[in-house]
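What follows is a single structure, written as C-alpha cells, with notes after it.
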Amino acid sequence: MPTKLIINCETGEQTEVELTAEEIAQREADAKAYEADKKAKDAELAAQAKVKADVLKRLGLTQDEAKALLS
Amino acid sequence: MANTYTLIASSTVGSGGASEIVFSSIANTYTDLKLVYSTRGSQAGFHTQGIRLTVNGTTSGYTTRTAGSDGLDPVSVTNPYGVTSASISTFGTNADSTANTFGNNEIYIPNYAGSNAKSISTDSVTENDAAAIYRTQMYLGAVLQTNTAAITSIRIAPETGEGNFVQYSTAYLYGISNS
C-alpha cells in the first residue's frame, strides 16, 4: 500500500500514513493523465520531426548541414 | 536583525520510501514560503522525472511554464504532462540515474497567505554522474495557481503517479518574513 509522509507544521510531528482510496484514485488518475499527455505530445513531436526531415530531404541537406546553416 | 528566514519543518524519507510528501497546517504568519527538496524517484525506466506540486489539495487551476535544458538542447514547455490534475513544477533524479544521486529543487511562493491568485517560481536540477545526454537537466519554471485562498498545505509527488521518493529524500519548508 502506498504511503505518504505528512509533516504537521504546527506541531512538527511527522507521520507516515497509507493513502486513502480517494488518494489512490487520484494517483491513478495522475498516471493516466501522464500517459495520455505523453502519448499526445510524443505524437506531436514525431509529426514535427517528420515535417523537418521531409523539408531537409527536399532541400538535399543533412541535419548537421541544416544546423550549421542556422547556427 | 530581524529573524526573516525560519525553518518551519523538515522531513527525511525513511527506508520504506514515500509516494508523496505533504506539509500541512502551514500558518499564515510569514510573508513568503520556500520549499527546498532533494529527491530521487524509484520508478524504473526514467533518469529524470517531473514532480507534481499541489497546494491546498487543489487539483485544478494550474498553469505551468518551464524553460531549461534537457542536457542537449534548450527546452521550453507549457503545461507538461498531466497538468490538468496538478502542476508539474520541478524535476527529480530517478531510478535509472547513477546510484545515490538526487535532484535538487527550490520552490518559492510569495504572498502565500494573500487573497489573490498565487504565482510560484521553481528552480530545479537533476543529477547524474554520466556523460550521456538527457540525463542531467536544469529548469526554471513559473506556476500560476488561480485559487485565492491562503496556502495551508503543500504536496509533492512523482508526476507519473507511480513509484516513490526513495529513502534519504529530504524536504525543508522555510517561512520568509519581510521584517
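Quick note on labels: first sequence line is chain A, next is B, and so on, each numbered from 1.
Atoms CD and CZ, from A:Q26 and B:R155 in turn, are 6.5 Å apart once rounded to the nearest 0.5 Å. Atom CD1 of B:I26 and atom CD of A:E10 lie 10.5 Å apart (nearest 0.5 Å).
Transitive grouping of hydrophobic side chains (ILVMFWY, heavy atoms separated by less than 4.5 Å) brings B:I151 and B:Y37 into a common cluster. Note on B:L140: it does not cluster hydrophobically with B:V125, by side-chain heavy-atom contacts below 4.5 Å among ILVMFWY residues. Residues A:I6 and A:M1 do not share a hydrophobic cluster, defined by chaining ILVMFWY side chains whose heavy atoms lie under 4.5 Å apart. A continuous path of Ile, Leu, Val, Met, Phe, Trp and Tyr side chains, each step under 4.5 Å between heavy atoms, connects B:Y112 with B:L53, placing both in one hydrophobic cluster. Cluster annotation: A:L45 and A:V51 are assigned to distinct hydrophobic clusters (Ile/Leu/Val/Met/Phe/Trp/Tyr, side-chain heavy-atom contacts under 4.5 Å, transitive).
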### Task
Evaluate the side chain to side chain contact (heavy atoms under 4.5 Å, CB included) criterion for residues A:L19 and B:E20: first the C-alpha distance (whole Å), next the side-chain angles of each, then the deciding distance (0.1 Å), finally the verdict.
CA-CA 9 Å; A:L19 298 190; B:E20 53 189 80; 3.8 Å; yes

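Neither the backbone nor the side chain of B:S169 comes within contact range of chain A; no heavy atom of the residue lies under 4.5 Å from a heavy atom of that chain.
For A:Q48, the CD atom is densely surrounded, since the number of other residues' heavy atoms within 6.0 Å is greater than 12.
The candidate with the highest count of non-hydrogen atom pairs below 4.5 Å against chain A, out of B:A171, B:A157, B:G161, is B:G161. For the set B:A9, B:A27, B:S11, B:S153, the entry with the most heavy-atom pairs within less than 4.5 Å of chain A is B:S11.
Tested against A:I7, the residues B:L173, B:I8, B:I21, B:I154 include a single side chain to side chain contact (heavy atoms under 4.5 Å, CB included) partner, B:I21.
Here the side chains of A:L5 and B:V13 are in contact, with some heavy-atom distance below 4.5 Å.
Here the closest non-hydrogen pair linking A:K4 and B:S19 is N-OG, 4.3 Å.
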